[in-house]
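Below you'll find the structure, written out as structure tokens, and then a few comments.
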There are 2 protein chains.
Amino acid sequence: MASVKNTQGTKTSQAVVDTAADAVEEFIRRRKKATINDVARLARVSKKTVSRVINNSPSVRNETREQVNDIIARIGFRPDPQARGLAFRRSFLFGLIYDNPNAQYIVNIQSGALDRMRGTGFELVVHPCDKESDDFLEEIREFVELQRLAGVILLPPIAENRALLAVLEDLDVPYVRVTAMHGAENDPPILSPQVVSRDRHGCMLAAEHLLALGHKRIGFVTGPAGYASARERRQGFNEGLSKQGLSIDPALEVEGAYSFESGLEAGLKLLDRPDRPTAIFASNDEMAIGVYRAAFQLGLHIPDDLSVIGFDDTPAAGRVQPPLTTVRLPIRDMGRAAAETLIDPEAERRASTIVSASLTVRDSTGPAETIFKP
Amino acid sequence: MASVKNTQGTKTSQAVVDTAADAVEEFIRRRKKATINDVARLARVSKKTVSRVINNSPSVRNETREQVNDIIARIGFRPDPQARGLAFRRSFLFGLIYDNPNAQYIVNIQSGALDRMRGTGFELVVHPCDKESDDFLEEIREFVELQRLAGVILLPPIAENRALLAVLEDLDVPYVRVTAMHGAENDPPILSPQVVSRDRHGCMLAAEHLLALGHKRIGFVTGPAGYASARERRQGFNEGLSKQGLSIDPALEVEGAYSFESGLEAGLKLLDRPDRPTAIFASNDEMAIGVYRAAFQLGLHIPDDLSVIGFDDTPAAGRVQPPLTTVRLPIRDMGRAAAETLIDPEAERRASTIVSASLTVRDSTGPAETIFKP
DNA sequence: TTTGTTATGGAAACCGGTGTCATAACGCAA
DNA sequence: TTGCGTTATGACACCGGTTTCCATAACAAA
């Protein structure tokens with residue numbers, strides 16, 4: 001110590017490193033997980049100073065900081081998330097909470113979020129739940145509280161559950177909702193941070209596409225009532241039709257459940273009649289593929305006898321025969337954006353990240369009047 | 001305290017509860033997360049004794065145990081996983097590590113594992129990785145070590161990566177591999193705990209099914225070389241054929257990559273020739289659906305001109321036209337079993353959990369000789 | 001040189017549990 | 001009743017970080 005005091009600033013640091021060099025070497029040889037105490041000892045500073053360096057606290061001399069960082073790098077120190085979490089009273093875990101939408105959707109969100117989280121020190125805990133169960137809210141409350149989550153990502157449909165949002169507010173945990181952008185006429189809009197997709201716009205494109213092909217009698221398979229996405233998609237499609245003075249024909253509208261079976265059923269209902277539509281828009285791909293089955297059962301050929309459009313652009317959309325024209329949502333990007341919102345406090349303040357939908361035109365849509373063609 | 005000593009055993013407990021009753025009430029009113037100290041204070045025992053109760057340590061008087069449990073229940077105490085993990089030097093997190101197999105597979109495993117984990121206090125952290133990346137092993141090592149995982153679930157194909165297994169052994173973390181059961185002729189079998197599926201048996205059933213329908217010229221689309229599942233499926237199919245003295249015809253075998261595109265390509269290669277096979281087995285559904293596309297492009301009708309069998313029974317299998325005959329694996333059950341292995345030390349000792357494959361017959365397979373039918 | 005601030009670093013307590021070890025309480029034979 | 005081996009319990013240090021509070025060093029102004 002005395003010698004340290006005697007030497008000048010810049011030399012001090014060097015001297016310390018030199019003196020400690022073999023200690024460091026030996027430590028590395030021991031090949032044990034390093035702790036903050038090891039760093040402090042080898043860098044000849046207090047734990048607190050190391051802690052300051054780790055947390056980018058401003059009041060550390062540059063010289064000291066470098067010295068500490070040098071040791072950290074050399075012995076490969078990584079602060080223990082559990083210990084840090086305990087002290088912070090907050091873990092380094094994000095929770096992904098969902099109620100069983102389709103697998104492809106979940107995996108894409110997951111993969112996007114993880115992509116953004118890579119290297120940040122956060123990890124993702126997945127937590128499916130059942131919104132119909134009695135202790136649904138209690139169950140989530142306990143999960144979030146017990147794990148002291150650093151953030152929560154909510155997927156539809158529970159992202160629209162106000163009771164759940166209230167619980168999260170109460171727990172004071174940062175959260176982000178992934179959902180379809182709200183139209184103007186909706187009940188009090190939710191203001192919490194969200195990643196929203198322009199479902200409405202996508203469906204408008206779909207409607208315009210069908211209109212451009214000359215379709216007039218168009219069937220519409222709605223998503224389940226109560227889902228924001230179902231409402232938005234319907235509204236968007238209607239808006240698209242309205243540009244040519246049309247609107248969704250109540251006689252040609254059937255509610256589905258976002259499932260293949262419900263799509264099949266809806267398809268049969270719409271197609272098994274003399275004045276059947278020449279095109280059907282289904283509010284997601286699953287149901288669109290159900291409509292395919294219905295068409296097949298009735299001996300109708302797509303796209304000659306019937307045009308079909310779906311929503312989601314799942315991998316299956318490109319694989320069915322004929323490949324399905326569908327509205328595409330950049331789900332992975334939405335996952336990425338959701339993670340971004342939780343990671344960057346700046347982003348959280350922006351509240352809404354908006355992503356666009358686009359139309360992927362494949363072979364399931366064709367002109368309405370093929371019948372009259374040679 | 002003196003009064004406590006003066007009263008008799010049974011009364012003591014009652015007295016304590018009585019005395020503390022209002023303290024408990026008041027605590028509950030404060031509505032703050034309870035800690036072990038609160039429990040200790042209210043139950044008038046030491047932290048350590050509470051800890052003993054939590055961990056089912058045997059040396060606690062029944063009376064004391066009840067008293068403590070009573071307080072725990074009343075104030076809703078749940079030990080903090082972070083603090084517990086820190087002290088145990090092990091978290092309560094399981095890691096699910098995978099390298100990008102298909103979404104459906106991951107979600108099913110995930111959902112099965114989570115189903116089994118519900119209520120155990122463990123949570124699941126998902127961690128995709130890229131086995132081609134340079135720091136693949138280092139990346140996983142750091143993840144597992146830093147999070148001090150309580151267990152790791154490995155999915156194919158990395159479940160067969162011996163270097164990775166060595167890392168996990170070195171870290172001394174419990175892990176379980178999900179994989180296809182090894183045939184006898186394989187290189188030194190891996191003995192670590194695993195959940196294995198009888199892919200071979202499933203493929204044998206597929207072969208028998210085709211043989212029973214009279215097929216002789218059968219195409220085979222292999223999975224990627226190096227994948228255990230690819231090897232096993234091939235072997236099983238071959239065994240099935242061998243029962244009638246046949247075997248996979250090298251001229252009718254094409255290697256695929258478990259992807260739609262590779263299935264399409266393989267299908268074209270196999271079908272675009274005069275002596276085309278009357279049936280094709282694809283080593284997974286994705287590729288089978290690729291074969292569908294190939295058949296469509298060549299104007300072949302399934303199942304009249306060509307029978308197709310896949311493997312996995314993904315949701316898509318039931319939705320394509322015609323619905324695909326395929327080998328079904330209970331993926332969710334495998335996820336459940338994997339979690340079980342990590343949760344129950346007994347189960348871990350059993351080393352292998354075996355699950356069966358079955359054949360789901362749908363409409364993509366038909367008799368070989370339809371050509372000669374009326 | 002002395003004084004008044006402001007940066008910097010350290011000791012000790014704390015986050016909420018567990019491990020070790022000593023001691024108190026208990027059951028039972030002598 | 002005494003003695004002794006168990007069994008039950010508690011005191012205290014510890015896991016690996018952070019925070020509070022205070023002492024000191026560094027530097028500008030007087």
Side-chain angles (χ1 to χ4, degrees), chain A residues 1-2 4-9 12-13 16 32-41 43-68 72 75 77-92 121 145-148, chain B residues 1 4-10 12-13 16 32-41 43-68 72 75 77-92 121 145-148:
Chain A
M1 324 294 170
V4 171
K5 286 186 179 179
N6 291 343
T7 48
Q8 292 177 9
T12 303
S13 142
V16 169
K32 244 200 65 186
K33 220 179 137 184
T35 75
I36 197 172
N37 292 305
D38 300 320
V39 178
R41 185 164 32 77
R44 313 226 173 163
V45 297
S46 72
K47 285 168 74 167
K48 176 61 208 179
T49 301
V50 179
S51 171
R52 284 201 180 92
V53 171
I54 297 172
N55 294 291
N56 289 313
S57 169
S59 59
V60 177
R61 235 185 323 160
N62 272 339
E63 196 182 324
T64 312
R65 183 183 305 278
E66 279 167 29
Q67 190 173 312
V68 170
I72 288 181
I75 69 175
F77 165 73
R78 302 280 336 247
D80 181 318
Q82 303 218 51
R84 221 142 94 91
L86 178 58
F88 274 138
R89 270 181 228 64
R90 179 133 287 184
S91 74
F92 294 89
E145 186 168 30
L146 201 59
Q147 300 299 325
R148 297 183 191 273
Chain B
M1 324 295 170
V4 170
K5 285 187 180 178
N6 291 344
T7 47
Q8 291 177 10
T10 49
T12 303
S13 142
V16 168
K32 243 200 66 183
K33 220 179 135 184
T35 75
I36 197 172
N37 291 304
D38 300 321
V39 178
R41 185 163 33 75
R44 314 229 173 162
V45 297
S46 71
K47 286 168 73 166
K48 183 61 210 182
T49 299
V50 178
S51 169
R52 287 199 180 92
V53 171
I54 297 171
N55 294 290
N56 290 313
S57 170
S59 58
V60 176
R61 237 189 324 160
N62 272 339
E63 197 181 323
T64 313
R65 182 182 305 277
E66 278 166 29
Q67 190 173 312
V68 171
I72 289 181
I75 70 176
F77 165 72
R78 302 279 336 245
D80 181 318
Q82 302 217 57
R84 221 142 93 92
L86 178 59
F88 272 139
R89 269 180 228 66
R90 181 132 288 185
S91 73
F92 293 89
E145 187 169 29
L146 202 57
Q147 301 299 326
R148 299 185 190 270

By side-chain hydrogen bond (donor to acceptor under 3.5 Å, both in side chains) - contacts of [X] (at least two apart):
{"X": "A:R52", "answer": "none"}
{"X": "B:S91", "answer": "none"}
{"X": "A:S46", "answer": "A:T49"}
{"X": "B:T64", "answer": "none"}

Checklist entry - Mind checking what makes side chain to side chain contact (heavy atoms under 4.5 Å, CB included) contact with B:E145, not counting sequence neighbours? => result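 With neighbours one apart ignored, the set is A:K33, B:R141, B:L171.
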
Item to check | Given DNA chain D, 5'-ward residue of the pair B:T64 and A:S51, judged by closest heavy atom | outcome: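 Its nearest nucleotide being more 5', the pick is B:T64.
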
Next on the checklist: Classify B:V45 by what it touches in the nucleic acid, base, sugar-phosphate, or nothing, heavy-atom distance under 4.0 Å.
Outcome noted: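 Counting heavy atoms under 4.0 Å across all strands, the contact made by B:V45 is with sugar-phosphate only.
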
Next on the checklist: Regarding A:V50, tell me which of base, sugar-phosphate or nothing describes its non-hydrogen contacts under 4.0 Å with the strands shown.
Outcome noted: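 A:V50: no heavy atom of the nucleic acid under 4.0 Å.
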
Checklist entry - What integer distance in Å separates B:R90:CZ from C:dG19:P? => result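 Nearest whole value for this atom pair: 13 Å.
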
Checklist entry - Between A:R44 (CZ) and C:dG9 (P), how many Å, whole number? => result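 Taking CZ of A:R44 and P of C:dG9, I get 15 Å after rounding.
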
Give every pair of a protein N or O atom and an N or O atom of nucleotides 13-16 of chain C that lie under 3.5 Å apart, one pair per line with the distance.
| unit_1 | atom_1 | unit_2 | atom_2 | d |
| --- | --- | --- | --- | --- |
| C:dG16 | N2 | B:A83 | O | 3.4 |

Next on the checklist: Which nucleotide wins on minimum distance to the side chain of B:K48, given the candidates D:dT19, C:dG9, C:dG19?
Outcome noted: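 Shortest atom-to-atom distance from the side chain points to C:dG19.
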
